[in-house]
Protein chains: 2
Amino acid sequence: MFVSKGFMATTTRDIADAVGMRSGSPFYHFRSKQELLKTVILEGLEAGQQRLQAAIAGIDDPEQRLRRMMRAHLDHLFASDCQTPLLLYEVRWLEPSARVEVAAVADRYQQPWQTTLDELALLGRLPSSAPPLRLLLFGMLNWSSQWFRPDGDLSLDAIAEAAADLLLA
Amino acid sequence: MFVSKGFMATTTRDIADAVGMRSGSPFYHFRSKQELLKTVILEGLEAGQQRLQAAIAGIDDPEQRLRRMMRAHLDHLFASDCQTPLLLYEVRWLEPSARVEVAAVADRYQQPWQTTLDELALLGRLPSSAPPLRLLLFGMLNWSSQWFRPDGDLSLDAIAEAAADLLLA
DNA sequence: CCTACCGATCGGTAGG
DNA sequence: CCTACCGATCGGTAGG
């Protein structure tokens, strides 16, 4: 609901209804609406991290690995249960201390990406892995949340491939 | 205020205060809060369109033109008076009919981009201009709103150049 | 454009 | 986890 309607437009009553509770009961489980958001973002980042690790386990060739990471990232972006990258739009509603906490976990997610990009640059299969390359890459992938339609002409595979080809041209 | 705090978190009282009005007065000028959003988005798109046209007037070489368009787009993205691409995040709060109206103007903004990309592809300076190339390009540029800091190491010029180099490799 | 106000909603709490 | 409720806020309006 935070993804589809946005944090501000989702009421704690909406959430209570969705799980068959009364309006006051969410606050038995969570101290505040913000803590609910923080929890779901952190859970999603964790799931994304694991999905990423699973996708690249045992893949030695860095180009193959990058392509799999991109596909895994897009999968996670549109998975109905944990659309974390979309939730990151909502981090702004957290208080600063919670925002710092989320940022630390999000940073950790970025590390394997930078490692793989550096590897490719070292092998000469990428002109450079210096900033802002990684951020441009995430831009290509994450922006798809603004226009991708599951019933459209382009598949997630096609998007991942097009972005990878652009990078590795 | 819609950009920095978001539409939902900006109250009509905030807006009234900012221009020295009383709480009810914005509704003398605008029928509703939504209409205020629609107006400011459309004005910003118009300004962006003109900034883009001004940047490419008389530029025949398509690569030069694309590079200028990218720089102009980033400038517009972070111009303090009309951060339209950021406002496009808020389109979701408009009712469907207003959303359609905005989408039509936003589509018009995309046309010169596709034209220039097609031109480059025709000249063989781009492997292809087929979808989702244009959208990947906008992803690289627009996503910078999530991480760009004016006081950081990277300038808008550097970002535009890195993205252009990636595209035209 | 202001005053005065309404109806509704919302996050959160006390007490059980 | 429910009931009952509060304090505050908010978009919007009537009347001038």
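What you see is a predicted model, and the numbers here were worked out from it, not measured in a lab. Throughout, protein chains are lettered first and strands after them, A, B, ... in sequence-line order, and every chain is numbered starting at 1. Quick note: numbers below take in every heavy atom, side chains included, and nothing from hydrogens, waters or symmetry partners.
Distance, B/Y28 OH to D/dG16 P: 17 Å, rounded to whole Å. Summarising the geometry, the separation between CZ on B/F30 and P on D/dG12 is reported as 13 Å, rounded to the nearest angstrom. The nearest whole Å value for the distance from the CZ atom in B/F7 to the C1' atom in D/dC10 is 12 Å. Across the protein-nucleic acid pair, A/M8 atom CE and C/dT9 atom C1' stand 13 Å apart, rounded to whole Å. Atoms CZ (B/R13) and P (C/dC6) sit 14 Å apart, rounded to a whole Å.
In DNA chain D, stems built from 3 or more consecutive Watson-Crick or G-U wobble pairs, each with both distances under 3.5 Å, span C:1-16 with D:1-16.
Environment of CZ in A/R65: crowded, with over 12 heavy atoms of neighbouring residues, nucleotides or ligands closer than 6.0 Å. Heavy-atom contacts from other residues, nucleotides or ligands closer than 6.0 Å to CZ of A/R22 number 12 or fewer. The number of heavy atoms from other shown groups lying within 6.0 Å of CG (B/D107) is above 12.
Taking the charged nitrogens against the carboxylate oxygens, B/E95 and B/R99 have no contact shorter than 4.0 Å, which rules out a salt bridge. A/R71 has a carboxylate O that lies under 4.0 Å from a charged side-chain N of A/D75, or vice versa, which qualifies the two as a salt bridge.
Taking every heavy atom of residues 15-23 of chain B and every atom of DNA chain C, pairs under 4.0 Å involve B/G20, B/M21, B/R22, by number.
Here the side chain of B/T12 is nearest to one of D/dG12, C/dG11, D/dG11, namely D/dG11.
Legend: residues meeting side chain to side chain contact (heavy atoms under 4.5 Å, CB included) with B/E35, ordered by chain and number and at least two apart, are B/F30, B/R31, B/S32, B/T39.
When each of A/Q49, A/H73, A/E46 is checked for a side-chain hydrogen bond (donor to acceptor under 3.5 Å, both in side chains) with A/Y109, only A/H73 meets the rule.
Heavy atoms of A/T11 sit under 4.0 angstrom from primed sugar atoms or phosphate atoms, though from no base atom.
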